[in-house]
Structure formats: C-alpha cells, structure tokens
**Student:** 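First, the structure itself, so that you have it in front of you.
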Amino acid sequence: MVKYNPQKIEKKWQGKWYNSNIFKAQDFSKKKKFYALVEFPYPSGDGLHVGHCRSYTALDIISRKKRMEGFNVLYPMGWDAFGLPAENYAIKMGIQPSITTKKNTANYKKQMQRLGYSFDWNREINTTDPKYYQWTQWIFLKLFEKGLAYKEKMAINWCPKDKIGLANEEVIAGKCERCGIQVQKKEKEQWLIKITKYADRLIKDLDSVDYPERVKIQQKEWIGKSEGAEIEFILNNFKKTIKVFTTRPDTIFGCTFLVLAPEHSIIEKVKNSILNWQEVEQYIIKTKDKSDLQRQENQNDKTGVELKGVKAVNPADKKEIPIFIADYIMINYGTGAIMAVPADDKRDEEFAKKFNLPIVRDYQRAGFEDFGKKTVQYKLRDWIFSRQHYWGEPIPMVFCQVCNWVPVPEKDLPVQLPKVKKYQPTDTGESPLAVMEKWVNVKCPNCGGVAQRETDTMPNWAGSNWYFLRYTDPKNSKKLSDEKKLQYWMPVDWYNGGMEHTTLHLLYSRFIFKFLYDIGAVPKSLGFEPYKKRTSHGIVLGQGGVKMSKSLGNVVNPDNVIKQYGADTLRVYEMFMGPFEQMIPWDEKGIIGARRFIEKVYTVCLKGDFSKPNSTLDIQINKTIKKVGEDIELMKFNTAISSLMILVNSFFEEKELLTKENIKSLLLILSPFAPHLAEELWERIGFKGLCSNQKWPQYNTTLIKEEKVLLIVQINGKVRDKVEIMADKNQKEVEEIILQTPKIKNLIGSISIKKIIFVPNKLINVVL
RNA sequence: GCCCGAGUGGCGGAACGGUAUACGCACAACACUUAAAAUGUUGCGAGGUUUCCUCAUGUGGGUUCGACUCCCACCUCGGGCACCA
C-alpha cells in the first residue's frame, strides 16, 4: 500500500477542483440558493493566520455539505485591502501600497487554495480596485444627496501615533484600537454620516434575524436607547432657559440643583452675571485639557463649581435652585445638562454631599409629561467618516468658495487615488493627498470656478459596508449589482465572523444596507436585513492560552502546518480542538491526533478486501450520518469529528468485514472535513465521479433503532446494575426481569418498594 | 458599578433532568524491532476492606425518585459597556 502523502494528494485534487470550476455559483439556477459568507480578510504581509482558517473551514464545511444536499451555493472571497499597514509599509520601504497589496493578495489566495476551500474564485473582489471603490464612492454621494453625510468642525478622537482621526467605535477605553496609544482630542472638520437616524431601526430589526443573543445585546447596548423627557428650567432674571434630559421626569419634585457640562453654551451667554467667573473659567479650561478617560478616572470624587449669581427655577415646585458645572456631565449626551435628584441618583447624591446641597426625600411624584416633553436619547453618535491618510477611498467631494461642498458628478466616478511620492501623514492632521496640487485643484462641477478636492479618505469600513452585495454581481460596471442577481442571491443565509466586529462592521453594514434599501438600490422584497443568520468563531490563542502575537513569536503559520501534516489534518484539527464559538489555545501536540485519525481512515479504507461482506456496522453508520449532519448545522464540529472517529475505530476493529457501501458512507460524511482525502479514496476504491459532487447520504430511520438496549438499573437514584434487554419492552416486562436478578434482589432485601420510575429503553429506578 | 458567558481528570474537552469523565492529547506497561521511531494491545478521576463500595463536575443551600444540567446565594476567570442623566 502506498504511504499516505498529503502533499501529493492535496495538490492533485486542488488542481482538479479549481480547473473544472466545480465550486462555481450559478446565477439564476433552478436549485435553491445558499449564500455562505465569511468576513474577507485584510491581506497583510504576514500571510494567513490559523485564526482565519477556523472561520473559513467552518463555512467551507457547511458550504460543501449544502452543495451535496443539492443547493446552489455561493461561497465567495475577496480582499479588504485598504488600510494602515500597507501604508506604513509604503512609508518604510517607499513601495506603492498597490504593489504590496497585489503581492499579499496573491499569497493569501495561494494559501487559501492550499487549504482546499471551495470559494468561487470567479467572484473575487478587492476594495482597492477602482472598479470596486467607484461604488463605495457612489454610496457616499447618495448619502450626501439624502442629507446623511455632512461636514462639521468637531473635537475628534485623534491618535498621535497613527496620526489619524478615529470613530468612537475605534477607541477602546480611551486608547487607539490599533496601537494602544492614549487618544487625544483635536478640533477638525470632519465628514460625518448620520447613522443615528437609523438607530431605532437598527435596534428593532434585530428581532427578525438569527444572531447570537449576546451580539444582539451588545448592539442594543451600543446604540443605547433610553426614553425620557426634556424639561425646561427658566433662569431667574434672564429670558433664557436650560433644557435638561431625564429618564425620570417623575422625580422632578426631588430636584434640588442643576448641573451642566463645562462646555455648555449657556455659560458664555450668562457670563456677565456670574459672580465667580474666574473660578468658573479656570474649571472650564481644566476640563478641556482632560481627555475623556481622565474625566472618568475620579468617578468617586466629583468636582464642580457653582455658577454664583445665576439661579434656575424648578418648574414643579417653583423653588429657586443653584446651578453647577461639573465634568461628570457630558456635553454630547442628552442636552449636556441634568436636573439633579440626589435622593434618587447615586452620582447626584455624591455631588450633593460634597457641596452640602439639600437632599429631599419623600417628595411628591410627578407624571411623565407633567413638566416636559417625551423624547428619546441614544448613546450612538454619528459616524466620523474622514481619515487623514493616503491608502483609502478618496471622498468624492469638491469644495468651491462660491458653491460650498459640491459632489463629484456620478459620471466622473471613480475619483481615482493618485500615485504620490510621500505617504507620511502630517502632524497638522492633513492628508498626504493635500500636497498633490494637480489632483487637488479642479473646476467646480457646479459653477466651473476654482475649487479643490476633498483630500481626506474614507475609513476602512467603507469598502466592507456593502461587499457582500458585490459578490452577487462582481463585474457590473453600470450598478453596484444587478437587481435580479441581488434578488436571487440575497440575503446572506449564513454569515460567520468575529465578535470584535459587533459594534463596527456588523453594525455599519446593517445600516448601509437599510440605506440602500431606502433609496431603492436593493430590491424591496429583500427586507431590511442583509444577514439572515450570524455566527461567531472563538479566537485561536497561542500555545498555553496566551494571545498569538508577533512580539511573542507564537504565531502559527498554516503553511508550516500544511507542510508538516497536510491541509486535511489542519482542517480537522481546527474543527476538533474545541467548541467552535469558544476561544481555544493552539496545541502543537493535539494536531497529531487529527493526523492519526486521517491516516487511520486512509489505512482502513485501502486495506478492506470486501470479500466477506457483512453489515454489523449499519446501525452505527446510520447513527453517525445523522449525528454528523445535525452537528454541522449546529456548528458542533468537535462532536461531529468525535463521532467520525468512533465510527472509524469500529471500522478498524472489523476491517475484514467491511463492505464498499460502508466505506462509501464514511467518505461522503467525511468529505466536508477532509475533502482531499475523501476524493483520493473515492477514486482509489473505484467510485465514479468526484466525491464533492455526490449526494449527501440519507440515514435510514429504521436502521437507527437498536434491537437490544443497555438498560440502567438504579436503586434510590444510584446506578446498581446494567442489563441488556430487547428494545421497547414495557415497564412490567422490565420490572419482572430486573427484580429477578440476584444482585438487585439482594440489594432490595426485605425493604418495601415505594415507587418505580421507568424510562423506556433507558432506565429503571427502584425507590425504596 | 451594570450586562453577557464560563468554571468537569495531568491537558483540550463530552454528556435531550437519566451510565459523569465520550473523543483526542499526554502518561504507563506489553507486543513487533538488534534498537529507536511508527504502529498495535491494555490500563489511566481520587480513595478504600477491590467480583464490590465511598467520594468527586468552583463553594454553600434548594427543587427532584434522580442535578454538570433547573432555582437561590456566593467565589473565581474571560468578554462587553461604563459619571449616558
């Protein structure tokens, strides 16, 4: 027998699959469609990571099974290739990002093909391709046209190391998500997208999709809807009011003071009446210098200053109350002002105690709208869409002194990213594109006068917002995708990706899909949600449970694993190592188990001589077909493989008695996991066609039933005996049997039986 | 502080309220071999008076004939949010 040689076998079958295009998704096929999607990677210089493989292998298994079940499967792949690393590399080496991107994507593709993934490579897309980002820009124009994109000067999160503005979602605990550096505040003109307008729908429509509950909860909490009321407080002696937002308008009789964010605009307006202006001004300056994180540091030690000489009137009891500014009030939530009810709110209570303010208990309750108007507030902010970097989609806008911001006409798209010599972002926060005078200076599309292009580029989420739509029609030059093709393929039936994208990509792309729906760019019949079902894989940790990272030198490269053990082994190992949605450490030793299993299959299939056909294994085979099929649907890959292992162990014990049909069933259910091995054995044993093109086997329900069962005998809930009896015996029959066995008879002795609990074919419990 | 999730052998982990520890790794003994590797066979939670019994699924209670599983309280770890009014 020829020794198992995965390198040779895998190369052979990859050649056959990819040359004969068997994974091609057919537009408008009569078969039922199935759209499986994994998050497309950023093609870094380091190559594919074993963490990527976990997600891709899982949906590859599902896709392969669905094809065998007769579905027309779309399982596409592409490249989310705009981003900082390529730009940083360009800065370091002076090489065009487009060149490194090309090199990296070629490497990634080769690596993916080495793993035998059944992607339809005819539909490969790349977000940096002008033919692709033309439509990313087009979506921006539409957002602008509908008033959902606007430019505003605002304090943004600025990373001093990456020299880039960040969206709120990209700031983790006050630090840059990428480099971990403390984020600063910087005033800049920024493009913003009104995702807040969709906040309600982004919450509500979660009810209609199949996502893990924790993903739904996280998204809802991120959007942070709270219902309350806005109440106006009149300033004494001024013709001015302060609006506060509260979720507890019923507690207004307990309000004994107001607190404003130090940035509140009313302060400037009543400045002249503030008796302690110097003190107030100093506090405002001090607050400005603090980052959001520093502001949060002293949660238990509240600071603030009273605006002396200015008082407000509580509209409920008409009493005069003092006004404070304090940095525990945030300007960008609610109205930037609160009514403090120290009897009911812990923070207000703390503040009141520190400043000796009255705390009124036992106050009268008010109705929800007695003194104000019902409103809704969200924590979600509008999405900062400008980045001061080179390697991104140019924002297709032109600034004209006369006409203000003018969109580039659709017919002039794409606005191509020009080649530059210097990629460095600048300390002033201006994009490297700003120095490209030839590119920047254009005629105003509106009046023909002197105008300049926007030099900021889009964030790297822009391209991934809608990529799943492009796969349905990747080469269309007239539209982002043909309506009929969208109609056929969408929605995505199953989308797997990382938990880290819950409040980023997943939320953004849901929003953009709703927007495209609203403007009619996707067919109305598709509904509001792009992804029917979302699942998440657990990340792969390094040996010993630490994070895999370059600096620790514990990153596992799939190429090395494939070289040493083979792609089928890697696939099986990654699915076997633990529950799919759970974080799991890589274990170099564990791979050996997967390899032994593969070799065992190889040996047992080729050693059978099939001369003494027997079928003692039929029951077990049918049970395994059922178990593996069900487990794949539930992403319980680890137990699916475990049951395959058990079956193969049985095959091994009875290898002289195996039939060709036995082997056939095994190969079919094994093929999604270890497709190369399955194809090779399929051919060697002499079955026709490609194993990947076969029908998924049906299990025989009558064959799943055992004739004999092992029945557990308990006394007082403790296992005392096990008896093998014919299946489907009733309680009386079983009682007769077990009460006669010497062991049980002995244990019961003369004690009287209180009760007998009987579970058919499983258990009998005698209660004494 | 709030919201999720998880605690089971030496390790990764299995287990519709019904045989706890499947499957795999590691380990040990044996077989094959001049030898090693590979492979195969057997054993492998702890303890005991060892055909059998007792105790073990983070801790303490509860429900139940029966609890890793359900309920209550607590401890530890991981993730998310966080002065959000």
Side-chain angles (χ1 to χ4, degrees), chain A residues 3 172-174 212-222 224-226 228 244-249 251 259 261 292-293 295-303 326-330 332-341 344-348 350-351 377-380 499-500 502-503 538-539 544-545 572-573 576-579 581-594 596-597 599-600 603 636 638-649 652 710-722 743 754-759 761-768:
Chain A
K3 210 173 160 258
I172 309 292
E213 203 49 40
R214 59 188 170 139
V215 170
K216 290 190 183 182
I217 291 170
Q218 260 186 51
Q219 288 209 348
K220 278 181 197 163
E221 286 187 349
W222 185 261
K225 180 178 180 171
S226 44
V244 304
F245 173 74
T246 176
T247 50
R248 297 289 308 277
T251 65
V259 194
D292 277 357
L293 192 73
R295 250 171 108 156
Q296 286 162 22
E297 262 166 10
N298 311 318
Q299 285 197 16
N300 300 320
D301 186 25
K302 303 238 169 334
T303 60
D327 65 4
Y328 82 94
I329 305 304
M330 301 295 157
N332 43 17
Y333 183 76
T335 60
I338 61 146
M339 58 174 223
V341 185
D344 246 275
D345 185 285
K346 245 175 77 183
R347 293 153 306 173
D348 297 345
E350 224 175 276
F351 193 85
Q377 282 292 333
Y378 300 92
K379 287 188 206 172
L380 185 74
M499 272 310 277
E500 70 275 16
T502 300
T503 54
I539 58 168
V572 167
Y573 173 61
F576 182 63
M577 59 202 296
E581 69 290 344
Q582 192 180 299
M583 236 197 257
I584 203 101
W586 185 264
D587 181 12
E588 188 62 37
K589 280 183 177 156
I591 309 168
I592 292 168
R596 281 186 194 145
F597 165 65
E599 291 222 39
K600 220 170 196 177
T603 311
K636 288 168 77 175
N638 54 334
T639 50
I641 291 169
S642 148
S643 60
L644 283 166
M645 285 172 168
I646 294 167
L647 182 67
V648 171
N649 288 343
F652 211 80
L710 195 67
L711 193 97
I712 307 305
V713 185
Q714 294 184 335
I715 292 178
N716 287 341
K718 287 200 172 167
V719 182
R720 291 301 174 200
D721 206 1
K722 296 160 199 180
K743 195 171 168 188
K754 248 195 211 160
K755 176 156 125 180
I756 292 180
I757 284 132
F758 179 69
V759 185
N761 292 334
K762 259 212 175 128
L763 164 143
I764 185 154
N765 184 14
V766 183
V767 185
L768 300 177

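Numbered from 1 within each chain, the chains take letters A, B, ... in sequence-line order.
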**Student:** Going through the distances and angles, do A/Tyr328 and A/Thr303 end up as a side-chain contact (heavy atoms from CB on, under 4.5 Å)?
**Tutor:** CA-CA 8 Å; A/Tyr328 82 94; A/Thr303 60; over 6 Å; no
**Student:** Could you state the interatomic distance from CD (A/Gln219) to CG (A/Leu380), rounded to the nearest 0.5 Å?
**Tutor:** 10.5 Å
**Student:** Between atom CZ in A/Arg214 and atom C1' in B/C3, what is the gap in whole Å?
**Tutor:** 14 Å
**Student:** Would you indicate which nucleotide in B/G13, B/C83, B/G12 comes nearest to any side-chain atom of A/Pro579?
**Tutor:** B/G13
**Student:** Check the chi torsion on B/U63 and let me know: syn if it falls within 90° of 0, anti if not.
**Tutor:** anti
**Student:** For the CG atom of A/Asp345 and the CZ atom of A/Arg248, what is their distance to the nearest 0.5 Å?
**Tutor:** 9.5 Å
**Student:** With a 4.5 Å heavy-atom cut-off, do A/Glu599 and A/Lys3 have their side chains touching?
**Tutor:** no
**Student:** Verify whether one side chain among A/Asn649 and A/Lys600 offers a donor that lies under 3.5 Å from an acceptor in the other.
**Tutor:** yes
**Student:** Report the distance from atom NZ of A/Lys636 to atom C1' of B/G13, rounded to the nearest whole Å.
**Tutor:** 13 Å
**Student:** Using the P atom as the point on both nucleotides, what is the distance between B/G60 and B/C65, in whole Å?
**Tutor:** 23 Å
**Student:** Given the C1' atoms of B/A67 and B/U57, what is the spacing between them in whole Å?
**Tutor:** 11 Å
**Student:** Of the nucleotides B/U39, B/C65, B/C53, which has the atom closest to the A/Lys755 side chain?
**Tutor:** B/C65
**Student:** Just say parallel, tilted or perpendicular for the rings of A/Tyr573 and A/Trp586, cut-offs at 30° and 60°.
**Tutor:** perpendicular
**Student:** Checking side-chain contact (heavy atoms from CB on, under 4.5 Å) for the pair A/Phe597/A/Val648: CA distance, chi angles, key distance, verdict?
**Tutor:** CA-CA 8 Å; A/Phe597 165 65; A/Val648 171; 3.6 Å; yes
**Student:** Could you measure between the two C1' atoms, the one in B/U41 and the one in B/G45, and give it in whole Å?
**Tutor:** 23 Å
**Student:** Taking for each residue the nucleotide of RNA chain B bearing the nearest heavy atom, is the 5' side occupied by A/Ser643 or by A/Val767?
**Tutor:** A/Ser643
**Student:** Consider the side chain of A/Gln218, meaning its heavy atoms from C-beta on, and name the nucleotide among B/C23, B/G80, B/A85 that approaches it most closely.
**Tutor:** B/G80
**Student:** Taking only side-chain N and O atoms of A/Arg596, does any of them lie within less than 4.0 angstrom of OP1 or OP2 on B/C23?
**Tutor:** no
**Student:** Anti or syn, where syn is a glycosidic angle within 90° of 0; which label fits B/G9?
**Tutor:** syn
**Student:** Atom OG1 of A/Thr335 and atom CD of A/Gln377: how far apart are they, to the nearest 0.5 Å?
**Tutor:** 7.5 Å
**Student:** Find the distance A/Asn716:CG to B/A67:P and express it as a whole number of Å.
**Tutor:** 11 Å
**Student:** Distances under 3.5 Å between protein N/O atoms and the N/O atoms of nucleotides 17-20 of chain B, please, pair by pair.
**Tutor:**
unit_1: B/G18; atom_1: N2; unit_2: A/Gln714; atom_2: OE1; d: 3.1
unit_1: B/G18; atom_1: N2; unit_2: A/Asn765; atom_2: ND2; d: 3.3
unit_1: B/U19; atom_1: O2; unit_2: A/Lys722; atom_2: NZ; d: 3.0

**Student:** Can you measure A/Glu213 atom CD to B/A6 atom P for me and round it to whole angstrom units?
**Tutor:** 13 Å
**Student:** Within this structure, what is the CE-CZ distance for the pair A/Met645 and A/Phe576, rounded to the nearest 0.5 Å?
**Tutor:** 4.0 Å
**Student:** Using the closest heavy atom to pick a nucleotide of RNA chain B for each, name whichever of A/Ile641 or A/Phe652 lands nearer the 5' end.
**Tutor:** A/Ile641
**Student:** Could you provide the dot-bracket string of RNA chain B, using ( ) for intrastrand pairs, [ ] for crossing pairs and | for bases paired to another strand, with Watson-Crick or G-U pairs below 3.5 Å?
**Tutor:** (((((((..(((.....[....))).(((((.......))))).((((...))))..(((((..]....))))))))))))....
**Student:** Is the shortest side-chain N/O distance from A/Arg720 to OP1 or OP2 of B/C52 below 4.0 Å?
**Tutor:** no
**Student:** Can you see whether A/Tyr333 has A/Lys379 sitting over its ring - NZ or CZ less than 6.0 Å from the centre and within 45° of the normal?
**Tutor:** no
**Student:** Measure from the side chain of A/Trp222, starting at C-beta and using heavy atoms only, and say which of B/C23, B/G13, B/C81 lies closest.
**Tutor:** B/C81
**Student:** Of the listed nucleotides (B/A14, B/G78, B/A85), which one gets closest to any side-chain atom of A/Met583?
**Tutor:** B/G78
**Student:** Contact class for A/Asn638 vs. all strands (heavy atom < 4.0 Å): base, sugar-phosphate, or nothing?
**Tutor:** sugar-phosphate
**Student:** Looking only at atom P, what distance separates B/A46 and B/A37, rounded to whole Å?
**Tutor:** 26 Å
**Student:** Below the 4.0 Å mark, does B/A85 have OP1 or OP2 next to a side-chain nitrogen or oxygen of A/Ser226?
**Tutor:** yes
**Student:** Does anything in residues 584-594 of chain A reach RNA chain B, meaning a heavy atom under 4.0 Å, and if so which residues?
**Tutor:** A/Ile584, A/Lys589, A/Gly593
**Student:** Would you tell me if any nitrogen or oxygen in the side chain of A/Gln582 comes within less than 4.0 Å of OP1 or OP2 on B/G13?
**Tutor:** yes
**Student:** Would you mind reading off the distance between A/Lys754 atom NZ and B/U64 atom C1', rounded to a whole angstrom?
**Tutor:** 13 Å
**Student:** Supply the atom-to-atom distance A/Leu711 CG to A/Lys762 NZ, rounded to the nearest 0.5 angstrom.
**Tutor:** 11.0 Å
**Student:** With heavy-atom distances below 4.5 Å as the criterion, would you say the side chains of A/Val767 and A/Ile757 are in contact?
**Tutor:** yes
**Student:** Separation of A/Asp301 atom CG from B/C83 atom C1', in whole Å?
**Tutor:** 12 Å
**Student:** In whole Å, what is the span from the CG atom of A/Leu644 to the P atom of B/A22?
**Tutor:** 18 Å
**Student:** Looking only at the side chain of A/Lys600 (C-beta and beyond, no hydrogens), which of the listed nucleotides B/G40, B/C55, B/A14 gets closest?
**Tutor:** B/G40
**Student:** Ignoring the backbone of A/Met645, work out which of B/C4, B/C83, B/G24 is nearest its side chain.
**Tutor:** B/G24
**Student:** Could you state the CD1-C1' distance from A/Ile715 to B/C53, rounded to the nearest angstrom?
**Tutor:** 14 Å
**Student:** Measure from the side chain of A/Lys718, starting at C-beta and using heavy atoms only, and say which of B/C83, B/C55, B/A85 lies closest.
**Tutor:** B/C55
**Student:** Between B/G24 and A/Asn649, is there an OP1 or OP2 to side-chain N/O distance shorter than 4.0 Å?
**Tutor:** yes
**Student:** Distance under 6.0 Å and angle within 45° of the ring axis: does A/Lys302 meet both against A/Phe351?
**Tutor:** no
**Student:** Nearest of B/C3, B/A14, B/C83 to any side-chain atom of A/Lys302?
**Tutor:** B/C83
**Student:** How far does CD1 of A/Ile764 sit from CZ of A/Arg720, to the nearest 0.5 angstrom?
**Tutor:** 15.5 Å
**Student:** Rounding to an integer number of angstrom, what distance separates B/A28 and B/U51 when you compare their P atoms?
**Tutor:** 29 Å
**Student:** For B/G10 versus B/G48, give the span between their C1' atoms, rounded off to a whole number of Å.
**Tutor:** 23 Å
**Student:** State, with a plain yes or no, whether a side-chain heavy atom of A/Leu763 is found less than 4.5 Å away from one of A/Gln714.
**Tutor:** yes
